[in-house]
Asker: 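Just dropping this structure here.
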Amino acid sequence: MSQLFYIVGDATAPSGDGCKLIAHVCNDRGGWGSGFVNAISRCWDFPEHRYRAWWSRRNSNDFALGACQFVRVTEDIVVANMIAQRGFRMRGNPKPLRYDALERCLVTVAEYARDHAATVHMPRIGNGRGGGDWDTIVSIIKRTLIARGITTVVYDLPPRRYSFR
């Protein structure tokens with residue numbers, strides 16, 4: 001039976017054996033440079049390059065809210081670029097996350113995970129730069145991933161320790 005786990009750690013270094021899929025939210029404006037994408041880019045440059053190429057050719061492909069792009073970064077790690085955010089978070093757009101788009105993305109992620117016997121790993125998607133409500137996001141994760149038998153791990157970074165010398 002699949003479960004939803006919360007652990008302290010780094011979602012770019014997913015734990016466990018087998019195929020691991022790192023799911024994260026991207027915007028629909030071609031911007032990459034704020035939030036969890038920075039952590040991805042510190043580990044691998046290919047997800048950003050693929051996202052930017054996908055966006056730049058958006059008039060002739062499926063780039064839109066609710067679409068996913070899967071990018072293999074190692075033999076057993078795949079990054080899912082999920083387009084679930086309309087624009088950027090700012091005063092006029094305080095909650096750019098679109099729950100319906102996130103749900104469509106996570107259904108696609110569940111299908112990919114099932115087809116590749118993968119577990120899904122993620123930070124707390126959509127509630128940082130996306131401005132979404134975590135309880136609502138968890139209910140979507142449970143409907144789309146857990147209900148389909150996909151084990152899912154949510155990573156929280158350890159608290160920062162400051163030195164006052």
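Atoms considered below: every heavy atom in the structure, side chains included; atoms not considered: hydrogens, waters and symmetry mates.
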Asker: Do Val71 and Trp44 come within less than 4.5 Å of each other through their side chains, counting heavy atoms only?
Answerer: no
Asker: Please check this pair: side chain of Arg114 against backbone of Ala110, looking for a donor-acceptor N/O pair closer than 3.5 Å.
Answerer: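 Side chain of Arg114 to backbone of Ala110: no pair is present.
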Asker: What is the distance from atom OG1 of Thr136 to atom CD1 of Ile141, rounded to the nearest 0.5 Å?
Answerer: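 If we round to the nearest 0.5 Å, Thr136:OG1 and Ile141:CD1 are 11.0 Å apart.
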Asker: With sequence neighbours excluded, tell me which residues meet side chain to side chain contact (heavy atoms under 4.5 Å, CB included) with Pro123.
Answerer: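 Partners of Pro123 by the side chain to side chain contact (heavy atoms under 4.5 Å, CB included) criterion, ordered by chain and then number, come out as Ala11, Phe36, Ile125.
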Asker: I'd like to check Tyr99 versus Ile137 (side-chain heavy atoms, cut-off strictly below 4.5 Å). Are they in contact?
Answerer: yes
Asker: Less than 4.5 Å apart, side chain to side chain, heavy atoms only: is that true for Gln69 and Met82?
Answerer: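 Not touching, per the 4.5 Å side-chain cut-off.
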Asker: Check whether more than 12 heavy atoms from other residues, nucleotides or ligands sit under 6.0 Å from atom CG of Asp17, and answer yes or no.
Answerer: no
Asker: Counting C-beta onward and ignoring hydrogens, is there a side-chain heavy-atom pair between Ile83 and Trp54 closer than 4.5 Å?
Answerer: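 In contact.
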Asker: When you measure from the side chain of Arg57 to the backbone N and O of Phe63, does any donor-acceptor pair fall under 3.5 Å?
Answerer: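 Side chain of Arg57 to backbone of Phe63: no pair is present.
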Asker: Begin from the C-alpha positions of Tyr6 and Val138 and carry the test side chain to side chain contact (heavy atoms under 4.5 Å, CB included) through to its verdict.
Answerer: CA-CA 11 Å; Tyr6 290 86; Val138 167; 3.4 Å; yes
Asker: Can you name the side chain to side chain contact (heavy atoms under 4.5 Å, CB included) partners of Ser41, sequence neighbours left out?
Answerer: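 Residues passing side chain to side chain contact (heavy atoms under 4.5 Å, CB included) with Ser41: Trp32, Glu48.
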Asker: Is the shortest heavy-atom distance from the side chain of Thr119 to the side chain of Val153 under 4.5 Å?
Answerer: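 Heavy-atom side-chain distance check fails, nothing below 4.5 Å.
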Asker: Is Leu145 close to Met122 at the side-chain level, that is, under 4.5 Å between some pair of heavy atoms?
Answerer: yes
Asker: With rounding to the nearest 0.5 angstrom, report the CZ to CZ distance, Arg29 to Arg58.
Answerer: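 The CZ atom of Arg29 sits 9.5 Å away from the CZ atom of Arg58.
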Asker: In the structure I gave you, are the side-chain heavy atoms of Arg86 and Leu65 within less than 4.5 Å of one another anywhere?
Answerer: yes
Asker: With a 4.5 Å cut-off on side-chain heavy atoms, are Tyr51 and Ile40 touching?
Answerer: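 Heavy-atom side-chain distance check fails, nothing below 4.5 Å.
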Asker: Roughly how far, to the nearest 0.5 Å, is OG1 of Thr108 from CZ of Phe70?
Answerer: 6.0 Å
Asker: Does Glu75 offer a backbone N or O that forms a donor-acceptor pair with the side chain of Arg72 under 3.5 Å?
Answerer: yes
Asker: Drop me the distance from Gln85's CD to Leu102's CG, to the nearest 0.5 angstrom.
Answerer: 10.5 Å
Asker: Got a second to check how far His116's NE2 is from Leu21's CG, nearest 0.5 Å?
Answerer: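 Separation between the atoms: 9.0 Å.
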Asker: Closer than 3.5 angstrom, by distance alone: can the side chain of Asn127 be matched with the main-chain N or O of Gly130 as a donor-acceptor pair?
Answerer: no
Asker: How many angstroms lie between atom OG of Ser15 and atom NE2 of His121, to the nearest 0.5 angstrom?
Answerer: 6.0 Å
Asker: Taking side chain to side chain contact (heavy atoms under 4.5 Å, CB included) as the test, write out the residues that go with Ser56, two or more places apart.
Answerer: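 For Ser56 there are no side chain to side chain contact (heavy atoms under 4.5 Å, CB included) partners, ignoring immediate neighbours.
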